[in-house]
Amino acid sequence: MRSFSLKECAISVALAAGLIIGMPSLDSSPMAYAANPSLPDLSVLISGPPIKDPGALLRYALPIDNKAIREVQKPLEDITESLKVAGVRGLDSVERNVKQASRSLKQGKSLIISGLAESKKDHGVELLDKLEIGMEELQQIVEGRNRDAVAPKQKELLKYVGDVEEDMVDSFPYEVPEEYRSMPLLKGRAAVDMKVKVKDNPNLEECVFHIVLDGYNAPVTAGNFVDLVQRHFYDGMEIQRADGFVVQTGDPEGPAEGFIDPSTEKTRTIPLEIMVDGEKAPVYGSTLEELGLYKAQTKLPFNAFGTMAMARDEFENNSASSQVFWLLKESELTPSNANILDGRYAVFGYVTENEDFLADLKVGDVIESIQVVSGLENLVNPSYKIAG
């Protein structure tokens, strides 16, 4: 069995001495330094702090264009930063956020409703009513200076916002290239719960990680994973690397380094799949660096703790099969467009619950099960239903 290695790349820019980050690959060679890593323009590197919250990343990744709902979403998300300010000033800032979100909802409600998919309009309007009531409740919480109740209510309201935004997506927005069309595809989103048995940790015996998989931006990659989950491929498999940079698994026992499709008796591989922000469909088979898209931002960036992506052979873009990893690096060290992983590895989801516990996992901890808890109806061409 060949394990992943980390190939470090030293990046020097004018405003920092350097940045060293690893690149998960199937290469088993010792760590080395890339000679001349290609870098985006400096102005892009310092363009602003990246979005780090997985829920926010998933909301912005939806294939919608409705400014009115985004103007409700943004101030609600800004509450997180406001709560970092101590004392009365923090709550005063939260109150401004809530008032701004409430005002945007009142002024933009008709535009939001007009953006709902016709088949989902009733559900979307119902959610907007709940959002409006919840906003009033949050205002009362802030006025009562109940600081501890703010974050849970914020989370509830952002869930409504995200669900409204999903109700704006009428159907899968593009055609997957013909050569990949018969593969398992996730045409939408799905969620899985990954239950891990933790060894030798008195503070944590087991943990369930909730992971949202984004088939809108990575239908082939997410579809491949859901198909493997339905085959129980990962159940009973150990965590195979946990080094503070990534947690990874998916290398089966024996000489194979990926999933052997019983119908072909060969390793099933999938293409590198990257959705560029502003494009309508992913690019396949090439890194953004190879395409010369140095300034491009990916729709699903490596910004969040618990970003989930496919591992592959470093020198073969279309070699991913079953090995997956979760990024643990502090996102301040890997901001959008300065992260050497963006555009080189296919992100297809984020851990949205209990992600902090990923840092406690060790080699040898066991994945007891991964189960699809929602969105299985979005999987097309499932191979797990085929006998054998």
Side-chain angles (χ1 to χ4, degrees), residues 1-7 22-31 183-184 192-201 204-209 211 213 220-272 306 308-328 345-346 348-349 351 357-358 360-372 379 382-388:
M1 181 178 69
R2 191 157 47 139
S3 64
F4 293 133
S5 71
L6 298 178
K7 183 172 285 281
M23 292 168 56
S25 72
L26 293 171
D27 177 22
S28 58
S29 62
M31 286 187 180
M183 291 179 166
V192 300
D193 283 346
M194 180 174 74
K195 185 177 181 181
V196 180
K197 182 73 173 177
V198 181
K199 298 179 179 179
D200 305 322
N201 187 334
L204 186 67
E205 291 187 1
E206 68 177 28
C207 187
V208 177
F209 299 94
I211 308 168
L213 309 172
V220 177
T221 312
N224 175 72
F225 180 76
V226 173
D227 190 68
L228 292 176
V229 166
Q230 289 300 103
R231 286 177 173 273
H232 305 286
F233 177 85
Y234 298 98
D235 295 1
M237 190 172 284
E238 292 186 349
I239 298 298
Q240 295 155 353
R241 192 177 190 111
D243 55 13
F245 176 66
V246 297
V247 169
Q248 59 197 32
T249 191
D251 189 356
E253 291 184 5
E257 294 173 345
F259 166 64
I260 302 296
D261 189 334
S263 66
T264 64
E265 298 184 348
K266 295 179 181 179
T267 302
R268 184 172 82 188
T269 58
I270 58 174
L272 178 63
M308 186 177 187
M310 293 299 299
R312 61 173 177 84
D313 188 306
E314 184 182 349
F315 301 105
E316 176 48 62
N317 293 343
N318 298 336
S319 60
S321 177
S322 60
Q323 299 192 37
V324 299
F325 67 93
W326 293 270
L327 186 72
L328 305 185
Y345 292 86
F348 63 102
V351 181
F357 289 110
L358 284 168
D360 294 316
L361 299 185
K362 303 178 302 299
V363 172
D365 291 343
V366 177
I367 298 172
E368 292 187 337
S369 66
I370 305 182
Q371 295 184 327
V372 179
L379 181 67
S383 75
Y384 72 90
K385 290 186 176 181
I386 301 172

Residues that D235 engages under side-chain hydrogen bond (donor to acceptor under 3.5 Å, both in side chains), provided they are two or more places apart
H232

Considering the options M237, R241, Q323, which one meets the side chain to side chain contact (heavy atoms under 4.5 Å, CB included) requirement together with T249?
M237

Can you tell me how far SG of C207 sits from CE of M194, rounded to the nearest 0.5 angstrom?
8.5 Å

Does some side-chain heavy atom of V220 sit less than 4.5 Å from a side-chain heavy atom of P271?
yes

For N224, enumerate each residue passing the side-chain hydrogen bond (donor to acceptor under 3.5 Å, both in side chains) test, keeping only those at least two apart in sequence or located in another chain.
R268

Locate the shortest heavy-atom distance separating E265 from I260; write the atom from each residue and the value.
C-CG2, 3.7 Å

All ring-ring contact (aromatic ring centres under 6.0 Å, His included) counterparts of F225, not counting sequence neighbours:
Y234, F348

Could you please spell out the steps behind the side chain to side chain contact (heavy atoms under 4.5 Å, CB included) verdict for N318 and T269?
CA-CA 7 Å; N318 298 336; T269 58; 5.8 Å; no

Return yes when atom CD of Q371 has more than 12 non-hydrogen atoms of other residues, nucleotides or ligands closer than 6.0 Å, and no otherwise.
no

Nearest 0.5 Å, what's the CZ-CG distance between R312 and L272?
5.5 Å

Gap separating the OH atom of Y345 from the CG atom of N317, nearest 0.5 angstrom
9.5 Å

I'd like to check P252 versus F233 (side-chain heavy atoms, cut-off strictly below 4.5 Å). Are they in contact?
yes

Looking at every non-hydrogen atom in both residues, tell me the closest pair between S322 and G250 and how far apart they are.
OG-O, 2.7 Å

As a quick check of understanding, evaluate side chain to side chain contact (heavy atoms under 4.5 Å, CB included) for F245 and L327, giving each step before the final call.
CA-CA 6 Å; F245 176 66; L327 186 72; 3.6 Å; yes

Working for side chain to side chain contact (heavy atoms under 4.5 Å, CB included), residues M308 and L213
CA-CA 9 Å; M308 186 177 187; L213 309 172; 4.2 Å; yes

Which residues share a ring-ring contact (aromatic ring centres under 6.0 Å, His included) with F357, sequence neighbours left out:
none

Quick one about S383 and R231 (side-chain donor to acceptor, distance below 3.5 Å, no hydrogens or angles considered), yes or no?
yes

At what distance, to the nearest 0.5 angstrom, does CD1 of I370 lie from CZ of F209?
11.0 Å

Side chain to side chain contact (heavy atoms under 4.5 Å, CB included) against K195, all qualifying residues, sequence neighbours excluded:
E206, V208, E368, S369

Check: K199 main-chain N/O paired with D365 side-chain donor or acceptor under 3.5 Å:
yes

Can you sort out the partners of N201 under side chain to side chain contact (heavy atoms under 4.5 Å, CB included), two or more places apart, ordered by chain and number?
V198, N203, L204, D360, K362

Can you give me the closest heavy-atom contact between V363 and A242, atom names plus distance?
CG2-N, 3.7 Å

Derivation of the side chain to side chain contact (heavy atoms under 4.5 Å, CB included) call for T267 and E257
CA-CA 8 Å; T267 302; E257 294 173 345; over 6 Å; no

